[in-house]
Amino acid sequence: MSARYLNEEHKMYRESLKKFLDQEVRPYFDQWEEERIIPRGLWTKMGENGFLCPWVDEQYGGLEADFGYSVVFNEEIERVGTGMVGLGLHNDIVVPYFDTYGTEEQKERWIPKCVTGEYITAIAMTEPDAGSDLAGIKTTAIQQGDHYVLNGQKTFITNGIHADLIVVVAKTDPDAVPPHKGISLFVVEKDMPGFSRGRKLDKIGLHSQDTAELFFEDVKVPKENLLGEEGKGFYYLMDQLQQERLTVAISAQVAAEEMIQMTTEYVKERKAFGQPVSKIQTVQHKMAEVATEVRIGRSFLDDVIEHHMKSKSVVTEVSMAKWWITDMARRVATTCMQLHGGYGYMEEYPIARRYRDIPVSSIYAGTNDIMKNIIAKNMGL
Ligand SMILES: Cc1cc2nc3c(=O)[nH]c(=O)nc-3n(C[C@H](O)[C@H](O)[C@H](O)COP(=O)(O)OP(=O)(O)OC[C@H]3O[C@@H](n4cnc5c(N)ncnc54)[C@H](O)[C@@H]3O)c2cc1C
C-alpha cells in the first residue's frame, strides 16, 4: 500500500534506496550491531548516492526534494534496523537547523559537506541532570569579545562519536527569567580545543547506533558559530522538534509493521499440537488485535505526514502520533515476542532485536509524558 502523499518519483527513490541498502547495509548490519557502531564509510557512500539530505537546495548540493523523500528514507532505514536512526537524525533533524537558522556564510560552510557525508552532525540538548526539563540545563556560553566560552557536559548524544559538527544547546544568560529565554544554539566543530568525547554508551538496544557523552571545557566558540539569534534557542528547538517527533513516529510505525509481518510468517510455520500455531483461535485473535492497532496507527500517521507536508501547524497531532504510535509499537513487540515462544528470546530471531530496540522510542525526542503535557496544554487544560 502506498500513501497518498507519495508519487511515482518517491517510488523510484524507494526502489533505488532499497537496492542500495540490500547491497551496502543488510549484509553488514549484524556485524555493526556487534561492533556497536556504523562505520563512517557508510555515510560517505550514502552521500555519493544522493541519500543524505536530499531536501537541501541545489546550490548547496541537494536535490530540493520534499518531505516525502524523508518519509521514504526513514521508513527504509527502519526496515533494516532502528540502529540506523542516526542517519535520519542527521538528514531530517540536525541539518535543517543550519538551513533554517544559519546565515548564508554558515550554510555555505557546512551544508554541502553534510550532503556528501564528509560532515556527520549531532544535536546536544540533554545533560546528566536535565532532559525533559530543557530550561534546566547547566551548560553555559558566556560572551568574551569575538567569541563565547562554552562549558558543560551533554549525554545520550546520537552520533556523538562520529560527529564533526554538533549543535549545542547552552545558556548565554544563565540568570534569564524565565530561564528558557537565556538559551542559545551554537555549532561546535570537532577540532575546537576543549571539546572532548566521553564514553560510547552501552545501551540495551540500538546497538549499532552511536550514542555518547560530550564534554566542553572552556571551548572558545567564535561568534560566527552562533546559530540564529542569541536567546532564541529554546523557540528554535520547539519549532524543529516537530519534525524530529514525526520521524520517531514514522520509525515506530514501521517497526510495528515489520513485527506483524515476521510474526504472521512465524505462527504459520510453527507447529504445536499437530497444527500450525496460527490455527489456534486465541493466537488469531491476538494477531487480529495488534494488526488492527497497527492499521489505525498508519492511518493517523499518514494524515499527520500529509498535514506536515502542507505546512499546517501539527504540534498537537505530532505529539499525539509520537506517544500513541510508540506506545502501540511497544505493545505489538510484547505480543509478537510472546507468539514466538522461546525462539523470540533468541538473538537469531529478528523479533528479539525489535523487542530491545522499541522502548527507547517512547523516551527520546521528548518522553511520552511530555507529549501528553503538550497535548493537554494545547487543549487549554
Ligand atoms: C538512545 C538515546 C538517544 C538519544 N539521543 C539524544 C540526542 O541525540 N540528543 C539529545 O539531546 N538527547 C538525546 N537523548 C536524550 C533523550 O531525549 C532524553 O533521555 C529524554 O528527553 C528524557 O530525558 P531524561 O532522560 O533526562 O529523563 P527525565 O527528564 O529525568 O525523566 C524521567 C521520567 O520522568 C518523567 N517526567 C519528567 N518530567 C515530567 C513532566 N513534566 N511530566 C510528566 N512526566 C515527567 C519522564 O517522562 C520520565 O519518565 C537520547 C536518549 C537515548 C536513550
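Each ligand, and each atom within it, is numbered from 1 in the order the structure gives.
Between the side chains of Glu127 and Thr139, a donor-acceptor pair is found at a separation under 3.5 Å. Remark: the Thr316 side chain and the Asn378 side chain contain an N/O donor-acceptor pair separated by less than 3.5 Å. Side-chain N/O atoms of Asn7 and His10 include a donor and acceptor closer than 3.5 Å. Under 3.5 Å, the side chains of Asp92 and Thr247 contain no donor-acceptor pair of N or O atoms. For the residue pair His90 / Tyr119, no side-chain donor-acceptor distance below 3.5 Å is found, with atom types taken as modelled. Glu35 and Gln31 share a donor-acceptor pair across their side chains, judged by distance under 3.5 Å alone.
Below 3.5 Å of separation, one finds an N or O of Asp369 facing an N or O of ligand 1. Polar contact with ligand 1: absent for Lys203 (N/O pair, distance under 3.5 Å). Remark: ligand 1 and Asn373 share an N or O pair separated by less than 3.5 Å (distance only, no angle test). At under 3.5 Å, not a single nitrogen or oxygen of Ile370, backbone or side chain, sits near a nitrogen or oxygen of ligand 1. For ligand 1, the polar-atom distance check finds an N/O of Thr158 within less than 3.5 Å of one of the ligand's N/O atoms. Residue Gln209 places no N or O, backbone or side chain, under 3.5 Å from any N or O of ligand 1. Checked against a 3.5 angstrom limit, the closest N/O atoms of Phe156 and ligand 1 fall inside it. Taking any N or O of Met125, backbone or side chain, at least one lies under 3.5 Å from an N or O belonging to ligand 1. When only interatomic distances are considered, the shortest N/O to N/O separation between Ser132 and ligand 1 falls below 3.5 Å. Distances between N or O atoms of Leu206 and those of ligand 1 include no value under 3.5 Å.
Here the protein heavy atom with the shortest distance to atom 2 (C) of ligand 1 is Tyr364 CD2, 3.6 Å. Here the protein heavy atom with the shortest distance to atom 9 (N) of ligand 1 is Ile123 O, 2.9 Å. The nearest protein atom to atom 20 (C) of ligand 1, hydrogens excluded, is given as Ile363 O, 3.6 Å; this is a heavy-atom distance. Ranking protein heavy atoms by distance to atom 10 (C) of ligand 1, first place goes to Thr126 OG1, 3.3 Å. Looking from atom 53 (C) of ligand 1 to the surrounding protein, the closest heavy atom is Val360 CG2, 3.5 Å.
Residues Lys45 and Glu48 are not paired through a salt bridge, judged by the lack of any N-O separation under 4.0 Å between the basic side chain and the carboxylate. Between Lys203 and Asp210 there is no salt bridge, since no side-chain N of the basic residue sits under 4.0 Å from a carboxylate O of the acidic one. Ionic pairing of Glu76 and Arg79 is present here: one or more N-O contacts between side-chain nitrogen and carboxylate oxygen are shorter than 4.0 angstrom.
For ligand 1, the atoms closer than 4.0 angstrom to any heavy atom of Gly131 are 23 (O), 24 (P), 26 (O). Counting atoms of ligand 1 from 1 in the listed order, those under 4.0 Å from a heavy atom of Ala365 are 17 (O).
Put simply, atom 30 (O) of ligand 1 has no protein non-hydrogen atoms near it, under 4.0 Å away. Atom 51 (C) of ligand 1 lies below 4.0 Å from at least one non-hydrogen atom of the protein. For atom 7 (C) of ligand 1, a protein heavy-atom neighbour is found at a distance under 4.0 Å. Counting protein heavy atoms under 4.0 angstrom from atom 12 (N) of ligand 1 gives one or more.
For Thr367, every heavy-atom contact with ligand 1 shorter than 4.0 Å involves the side chain, none the backbone.
Among Asp357, Val85, Val254, the one residue that satisfies the side chain to side chain contact (heavy atoms under 4.5 Å, CB included) test with Glu78 is Val254.
In this structure, Gln275 contributes its side chain and Lys271 its backbone to no donor-acceptor pair below 3.5 Å. Here the side chain of Arg40 pairs a donor or acceptor atom with the backbone of Glu118 at under 3.5 angstrom. Side-chain N or O atoms of Gln106 include one that pairs as donor or acceptor with a backbone N or O of Leu226 at under 3.5 Å.
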